[in-house]
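When reading the values below, keep in mind they use all heavy atoms of this one structure, side chains included, and skip hydrogens, waters and symmetry mates. For ligands, and for the atoms within them, numbers begin at 1 and follow the listed sequence. Counting from 1, the numbers follow the sequence of the chain as shown.
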Amino acid sequence: MMWWKLAVFAAAVFLTETEASTCTCYESGNYTGRSAPISNPYNPDGFSPCYAAPCSYVAYSGDENHIWTRLTFHWGTTTNSGGLIKIFDGTDITGTPIILLNEGENVLSGSTKSQIKSTSSRVTITYSQTGTDSNVFYGVMKAIPPQ
Ligand SMILES: *[C@@H]1O[C@H](CO)[C@@H](O)[C@H](O)[C@H]1NC(C)=O
């Protein structure tokens, strides 16, 4: 091969590898539906958990008459990275969150924390951590008519 062909080939391999190791927030856009997932950032190449810059998304119940509640949450692997979930009522993250979950704090169905409610059809769910080791977690929040 000519030297320049090698250079182009090398650049292509480099770009492919860079792309493959991107760490993606579980919900990269906003979400509309009745069951909002909360999960760890992952590497799309093999779905391994990874560390990313803070993740945040807005969950909309799709209907002004459905609010968010029935949170359940489970930490799989924790690494003492200061993982923190915050859920805010509405699309504003400047006020007080309706719930904070520190790394390692699970929420069982039916527990007090599981019964927190939003007042509106939209919540903002954020995840941040202070360290760089990856945590594994999974949770879900449900949209229901106010009761
Ligand atoms: C998600 O919604 C928020 C609040 O409405 C908005 O500021 C943000 O740009 C939206 N993000 C995306 C990826 O659409």
Side-chain angles (χ1 to χ4, degrees), residues 8-147:
V8 169
F9 179 70
V13 169
F14 176 75
L15 282 175
T16 308
E17 286 185 352
T18 306
E19 217 165 310
S21 62
T22 305
C23 190
T24 307
C25 291
Y26 189 77
E27 281 295 327
S28 48
N30 291 332
Y31 170 90
T32 300
R34 295 283 160 85
S35 181
I38 312 167
S39 194
N40 50 273
Y42 65 95
N43 190 323
D45 179 23
F47 298 98
S48 53
C50 55
Y51 163 73
C55 290
S56 172
Y57 79 96
V58 174
Y60 172 48
S61 64
D63 160 355
E64 299 306 323
N65 294 318
H66 283 72
I67 53 109
W68 291 98
T69 184
R70 294 194 187 155
L71 173 72
T72 50
F73 200 88
H74 179 75
W75 295 84
T77 306
T78 55
T79 55
N80 274 322
S81 297
L84 179 63
I85 301 281
K86 293 183 194 173
I87 301 177
F88 295 87
D89 205 350
T91 58
D92 193 336
I93 59 162
T94 57
T96 309
I98 54 174
I99 195 164
L100 280 179
L101 293 179
N102 287 295
E103 184 173 329
E105 188 183 358
N106 294 332
V107 178
L108 296 176
S109 172
S111 67
T112 308
K113 286 207 161 179
S114 137
Q115 288 161 29
I116 53 134
K117 286 187 173 75
S118 68
T119 61
S120 77
S121 55
R122 287 179 174 83
V123 287
T124 305
I125 300 167
T126 69
Y127 174 72
S128 62
Q129 60 177 62
T130 49
T132 54
D133 290 332
S134 10
N135 289 323
V136 176
F137 54 86
Y138 179 74
V140 69
M141 217 176 172
K142 298 276 170 67
I144 62 163
Q147 289 164 337

* Under-4.0 Å protein heavy-atom contact, atom 7 (O) of ligand 1 -> no
* Asked: With side chains defined as the heavy atoms from C-beta onward, is the minimum distance between Y42 and C23 less than 4.5 Å?
  -> no
* Asked: For atom 5 (O) of ligand 1, which protein heavy atom lies nearest, and how many Å away is it?
  -> T91 CG2, 4.0 Å
* ring-ring contact (aromatic ring centres under 6.0 Å, His included): pairs with one or both residues in residues 107-130, sequence neighbours excluded -> Y127-F137
* Is any side-chain heavy atom of Q129 less than 4.5 Å from a side-chain heavy atom of L84? -> no
* **Closer than 4.0 Å: a protein non-hydrogen atom to atom 14 (O) of ligand 1** => yes
* **D63/R34 salt bridge by N-O under 4.0 Å criterion** => yes
* Do any nitrogen or oxygen atoms of N30 come within less than 3.5 Å of a nitrogen or oxygen of ligand 1? -> yes
